[in-house]
Amino acid sequence: MATAPLHDHDSGEGLVPVDEARERVLSKIAPLQPLELPLTEAFGCVLARDVVAERDIPEFASSAMDGFAVRSSEVADATTASPVELRVVGRALIGQRPEGTVGGGEAISIATGAPIPAGADTIVPIEDCQTSGDRVRILRGTSAGKHVRPAGEDVKAGEPLLPIGRRIQAPELGLLATAGVSHPLVRPRPRVTVISTGDELIPPTQTPEFGQIRDSNAYTLFAALREAGAVPTLAGIVRDDVDALKDVVLSHLVQSDAFVSSGGVSVGERDVVKAAFFRRGDLDFYKVAMQPGMPQGFGHIEGKPYFGLPGNPVSVFVSFELFIRPALMKMMGRRSLARPEITAKLDAEVTGPRGKTQFARVRVKRTAQGWIATPTGSRGSNLFATVARANALAVIPPGIETANAGSEVRVMLFRSMED
Ligand code: AMP
Ligand code: MG
């Protein structure tokens, strides 16, 4: 006769729902203090205040053509049959104050990009001119402002240039440089210290003895942090030793805005992260109703957010996506914290734990029938190649044990469709 199992691994009872766990984390994360950073360092960061143009952009009116700067009223009726002859009284070169001003019957030769000399209001392109000595014959009429790029044409002094909350990408960086904002006020990139816990771990440079495992989590986290815009530091492997872990964390405090460790947060009181920090420094350990990634530790050590992730590589990846990435986005002042989501049709069934949200690794692609999601393997949280084959996580909510082929699911895209 079958007996009831001691513990039902598929039940969500007593577990924290995923959204609630994320809210708990985000409610305790504050944006980093803004800093004035040089342009190249500000790239990728979010502006912490509105930027206003202090001066006109461009700052001076310039010529859009090589030719002659003249008075439009004098050349309005010029034609090849009846040209207007003017005296050339100087030159206007790029980057220099024009030689002289344009008076009645006068012209100044001008290069593309050179400032318009006083007195002139239009440019006659070189193709419409005939020169001989200090004379120029204008062969075609032109109107005021023709081929003149006015000052402030792009942005006028006092007008808004970029809004607070805007992330600095190529257009923003170029615009800030143009406006002379050499040190914009931005939220800096979080500096995150990564720790791998476990007696069984060795660096990827070594060949494992029987039972040893290469530390992969540090590298998954390194890349995920970089991709999110953070600055990771790998503090290395720490043995399952409470004092060793505390030493590493405390010695990295000043240089860290946050910590991420993997391993050692399971139920066992001997699990090292729990043993080191439980009820110390405000760290909580709880079980989230999700698969993979159920046990999670989160809190602050000396005011710095600490994320204690489970050890299984897939759990690390999914936990990063669900909790750490949004927290980093908030620290960086980003407005939108979540990955883009789409709805896709499963092309094979996915089974998951009844009471938990399952994050199934899938590869989505766009077809004539819409978005299709193909599972990349089974659900074990140690099967990391299933992550490498995927580009998205399909969200199978609690209450659904089997999502059938053909059913529609919500999908979080974790990489760009080009990759
Ligand atoms: P733990 O949560 O410490 O019990 O670890 C759970 C599983 O994840 C164990 O099989 C570990 O060997 C594995 N694991 C822990 N840390 C890492 C790591 N840094 N890289 C790869 N696998 C790991
Ligand atoms: Mg461990």
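All figures in this text were calculated on a predicted structure; none of them were measured in a lab.
Listed here is the closest heavy atom pair of Pro98 and Pro115: CG-O, 3.6 Å. Considering every non-hydrogen atom in both Arg22 and Leu322, the closest pair reads NE-O, 3.0 Å. Nearest heavy atoms, Ser319 versus Pro310: OG-CD, 4.0 Å. Looking at every heavy atom in both residues, Ile164 comes nearest to Ala48 through CD1-O, 3.2 Å. Nearest heavy atoms, Val248 versus Val238: CG2-CG2, 3.7 Å. Among all heavy-atom pairs drawn from Val314 and Leu383, the shortest one is CG2-O, 3.5 Å.
Put simply, the side chain of Phe384 does not reach to within 4.5 Å of the side chain of Ser216, judged on heavy atoms. Residues Val186 and Pro34 have side chains not in contact (no heavy-atom distance under 4.5 Å, counting atoms from C-beta outward). Residues Val265 and Lys274 are not in side-chain contact: their nearest non-hydrogen atoms beyond the backbone lie 4.5 Å or more apart.
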**OP:** Test side chain to side chain contact (heavy atoms under 4.5 Å, CB included) on Lys246 and Val242 and set out the steps.
**Re:** CA-CA 6 Å; Lys246 282 194 209 160; Val242 167; 3.6 Å; yes
**OP:** Would you check, one step at a time, whether the test side chain to side chain contact (heavy atoms under 4.5 Å, CB included) holds for Val260 with Phe320?
**Re:** CA-CA 9 Å; Val260 181; Phe320 181 89; 5.8 Å; no
Original post:
Going through the distances and angles, do Phe307 and Val192 end up as a side chain to side chain contact (heavy atoms under 4.5 Å, CB included)?
Top reply: CA-CA 10 Å; Phe307 296 88; Val192 183; over 6 Å; no
Subject >> From CA spacing to verdict: side chain to side chain contact (heavy atoms under 4.5 Å, CB included), Lys28, Phe298 >> reply: CA-CA 10 Å; Lys28 290 181 184 147; Phe298 173 72; 4.1 Å; yes
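Salt bridge status for Arg361 with Glu321: absent, with no side-chain N to carboxylate O gap under 4.0 Å. Salt-bridge formation is detected for the pair Arg55/Glu59: a Lys NZ or Arg NE/NH1/NH2 atom is positioned less than 4.0 Å from an Asp or Glu carboxylate oxygen. A salt bridge does not link Glu13 with Lys287: every distance from a Lys NZ or Arg NE/NH1/NH2 to an Asp or Glu carboxylate oxygen is 4.0 Å or more. Salt-bridge annotation for Glu227 and Arg325: present, with a side-chain N of the basic residue lying under 4.0 Å from a carboxylate O of the acidic one.
Rounding to the nearest 0.5 angstrom, the gap separating the OG1 atom in Thr193 from the CG atom in Leu221 is 12.0 Å. Rounding to the nearest 0.5 Å gives a distance of 5.5 Å between CE of Met290 and CD of Gln296. Note that CE of Met331 is 12.5 Å distant from CG of Leu337, once rounded to the nearest 0.5 Å. Annotation: the span from Leu35 atom CG to His183 atom NE2 amounts to 11.0 Å, rounded to 0.5 Å. Rounding to the nearest 0.5 Å places CG of Asp257 at 6.0 Å from NZ of Lys304. With values rounded to the nearest 0.5 angstrom, Lys365 atom NZ is found 7.5 Å from Thr367 atom OG1.
One N or O on the side chain of Asn217 and one on the backbone of Gly311 form a donor-acceptor pair closer than 3.5 Å. With hydrogens and angles ignored, the 3.5 Å screen pairs no side-chain donor or acceptor of Arg379 with any backbone N or O of Val350. A distance-only check finds no donor-acceptor pair linking the side chain of Glu401 to the backbone of Arg354 [under 3.5 Å]. Counting only distance, with no hydrogens or angles, the side chain of Asn312 and the backbone of Ser315 share no donor-acceptor pair below 3.5 Å. At least one donor-acceptor pair closer than 3.5 Å links the side chain of Ser256 to the backbone N or O of His252.
For the pair Arg24 and Tyr286, the cation sits on the ring face: its NZ or CZ lies under 6.0 Å from the ring centre, inside 45° of the axis.
Using cut-offs of 30° and 60° for the angle between ring planes, the Tyr306 and Phe277 rings count as tilted.
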